[in-house]
Amino acid sequence: MAIGAAQALVNKTGDLPVPLHIRNAPTNLMKKMDYGKGYKYAHDNPGNFVEQEFLPDKIAGTKLYDPGDNAAESRLRDYLRQCWKDKYGY
């Protein structure tokens, strides 16, 4: 369902630019253009999680995944709520 929601969003919004902070910067020019600036590496943080937006500005905050109504996904919902707080309404 999440993949379908993502595909529908792309069909609706078209080709949106990747946020600069998650772009790879293999060249000096790209570094000067702020590619990768402000990126937070999750594995450098407690719990391997960092609250950072990864979607383009136009669709920032969009929730694409909503855990189902079963025990495993209920635990995942609790985890997502703990991580994201109120951002996505888990």
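When a residue number appears, it is its place in the shown sequence, counting from 1. Just so it is clear, the structure is predicted and the values come from calculations on it, not from any experiment.
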Is it true that atom CG of D69 has more than 12 heavy atoms of other residues, nucleotides or ligands lying nearer than 6.0 Å?
no
Determine whether a donor-acceptor pair (N or O, by modelled atom type, separation under 3.5 Å) exists between the side chain of Q52 and the backbone of K40.
yes
Just how far is it from atom CG of D34 to atom NE2 of H21, taken to the nearest 0.5 Å?
12.5 Å
Can a donor-acceptor pair be found, under 3.5 Å and without considering hydrogens, that links the side chain of N70 to the backbone of E73?
yes
Counting only heavy atoms from other residues, nucleotides and ligands, does the tally under 6.0 Å from CG of N11 exceed 12?
yes
Is I59 reachable from M1 through a run of I, L, V, M, F, W or Y residues, each pair having side-chain heavy atoms under 4.5 Å apart?
no
Any side-chain donor paired with an acceptor under 3.5 Å for R81 and Y90?
no
Between W84 and Y79, does the ring centre distance come in under 6.0 Å?
no
Would you say I22 and Y39 make side-chain contact, with heavy atoms under 4.5 Å?
yes
Salt bridge (charged side-chain N to carboxylate O under 4.0 Å, His left out) between R77 and D66, intermediate numbers included:
CA-CA 8 Å; R77 181 184 306 279; D66 195 17; 3.0 Å; yes
Around K87, counting heavy atoms of other residues, nucleotides and ligands shown, do more than 12 lie under 6.0 Å from its NZ?
yes
From M33 atom CE to T27 atom OG1, the distance as rounded to the nearest 0.5 Å:
8.5 Å
Which heavy atom of L16 sits nearest a heavy atom of K58, and at what distance?
CD2-CD, 3.8 Å
Are more than 12 heavy atoms from other residues, nucleotides or ligands located less than 6.0 Å from atom CG of D44?
yes
Taking all heavy atoms of E53 and all of G61, pick out the closest pair and write down the distance.
OE1-N, 3.1 Å
Tell me, do Y65 and L80 make a side-chain contact under 4.5 Å, heavy atoms counted?
yes
Please name the pair of heavy atoms, one in L55 and one in P19, separated by the smallest distance, quoted to 0.1 Å.
O-CG, 3.4 Å
Applying the 4.5 Å side-chain criterion to the ILVMFWY set and letting contacts propagate, would F54 and F49 be lumped into a single cluster?
no
Heavy atoms, side chains only, cut-off 4.5 Å: are Q7 and V10 in contact?
no
